[in-house]
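Step one of this worksheet: look at the structure below.
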Number of protein chains: 2
Amino acid sequence: MKSRKLYNRISVLRKERNISRKELAESIGVNIQTVGYLEREEYNPSLDLAFKINEYFGLPIELIFSPEPLKPLSEEIIELKNKIGGEK
Amino acid sequence: MKSRKLYNRISVLRKERNISRKELAESIGVNIQTVGYLEREEYNPSLDLAFKINEYFGLPIELIFSPEPLKPLSEEIIELKNKIGGEK
DNA sequence: ATAAAATGTTGCATATATACAACAAACCAT
DNA sequence: ATGGTTTGTTGTATATATGCAACATTTTAT
């Protein structure tokens with residue numbers, strides 16, 4: 001199926017929480033290099049691994065992974081604020 | 001990583017919408033047998049394929065796939081109704 | 001009742017994800 | 001400045017997802 005490259009926010013989320021790759025890798029039960037590959041977006045996680053990552057961070061899959069390049073979280077926040085402001 | 005078996009609602013969603021496997025397979029760009037394997041839960045989709053499926057149905061990934069066995073949608077509705085009713 | 005379409009299943013080939021080991025480079029601490 | 005942790009990277013091996021072909025079984029329409 002020639003699968004698309006997917007984008008993710010793993011490294012950002014990891015840094016926000018001050019977690020090392022080693023910690024994350026052990027928590028989700030994969031090799032540390034696997035986390036490296038994922039952060040560099042050199043390959044896509046399996047769906048199961050994506051679920052483990054979203055369980056670990058407590059966030060929906062769509063917030064962590066996307067077929068479209070991901071904006072910085074800071075930008076998303078501004079856009080959401082504008083959207084809410086505009087509705088009033 | 002010995003990945004977990006995941007559960008999904010593909011066949012239910014497909015029937016709700018009266019779509020054949022062939023139609024679904026062509027729409028998401030995979031082989032018809034691949035849809036069969038997924039519906040029988042003989043293997044998990046890649047994350048990319050999961051995204052294509054959720055784009056096709058217009059539903060979040062978590063509503064279609066889950067690491068836990070999925071209840072019938074009808075039951076979920078009852079539970080949601082109870083939850084809303086109880087909040088009043 | 002028959003044919004056509006849809007589904008189930010299997011086998012083999014290929015692509016992709018993951019494990020694991022090794023090592024270099026960058027980054028903190030003291 | 002030295003050493004320890006973290007990160008980046010690469011190579012090889014294995015597991016898993018997907019493609020594709022073939023055929024049996026079930027369902028649907030006429």
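Residue numbers start from 1 in every chain, and the chains themselves are labelled A, B, ... in the order their sequence lines are given, proteins ahead of strands.
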Nearest to the side chain of [X], heavy atoms from C-beta on, is which of [options]?
X	options	value
B:Q33	D:dA21, C:dT18, D:dT18	D:dA21
B:S3	C:dA19, D:dA17, D:dT9	D:dA17
B:Y37	C:dT9, C:dG11, C:dT18	C:dG11
A:V30	C:dT18, D:dA21, D:dT7	C:dT18

Are A:Y7 and A:N44 close enough that some pair of their side-chain heavy atoms sits under 4.5 Å apart?
-> no

Any side-chain heavy atom of A:N54 sitting closer than 4.5 Å to one from B:E62?
-> yes

Quickly work out the [X] [atom1] to [N] [atom2] distance and round it to whole Å.
X	N	atom1	atom2	result
B:E41	D:dT16	CD	P	17 Å
A:I32	C:dA24	CD1	P	17 Å
A:E39	C:dT18	CD	C1'	16 Å
B:R4	D:dA17	CZ	C1'	17 Å
B:L49	C:dA15	CG	P	18 Å
B:N31	D:dA22	CG	C1'	12 Å
B:L6	C:dA17	CG	P	16 Å
B:E42	D:dA15	CD	C1'	16 Å

Paired with B:S66, the side-chain contact (heavy atoms from CB on, under 4.5 Å) test is passed by just one of B:L70, B:I64, B:L63, namely B:L70

Is there a donor in the side chain of A:E39 and an acceptor in the side chain of A:N8, or the other way round, less than 3.5 Å apart?
-> no

N/O to N/O distances under 3.5 Å, protein versus nucleotides 4-6 of chain C:
none

With a 4.0 Å cutoff (strictly under), does any side-chain N or O of [X] reach OP1 or OP2 of [N]?
X	N	value
B:N44	D:dT16	no
A:S46	C:dT18	yes
B:T34	D:dG19	yes

Taking the basic N atoms (NZ, or NE/NH1/NH2) and the acidic carboxylate oxygens, is any pair closer than 4.0 Å for [X] and [Y]?
X	Y	result
A:R9	A:E76	yes
A:R4	A:E41	no
A:E79	A:K83	no

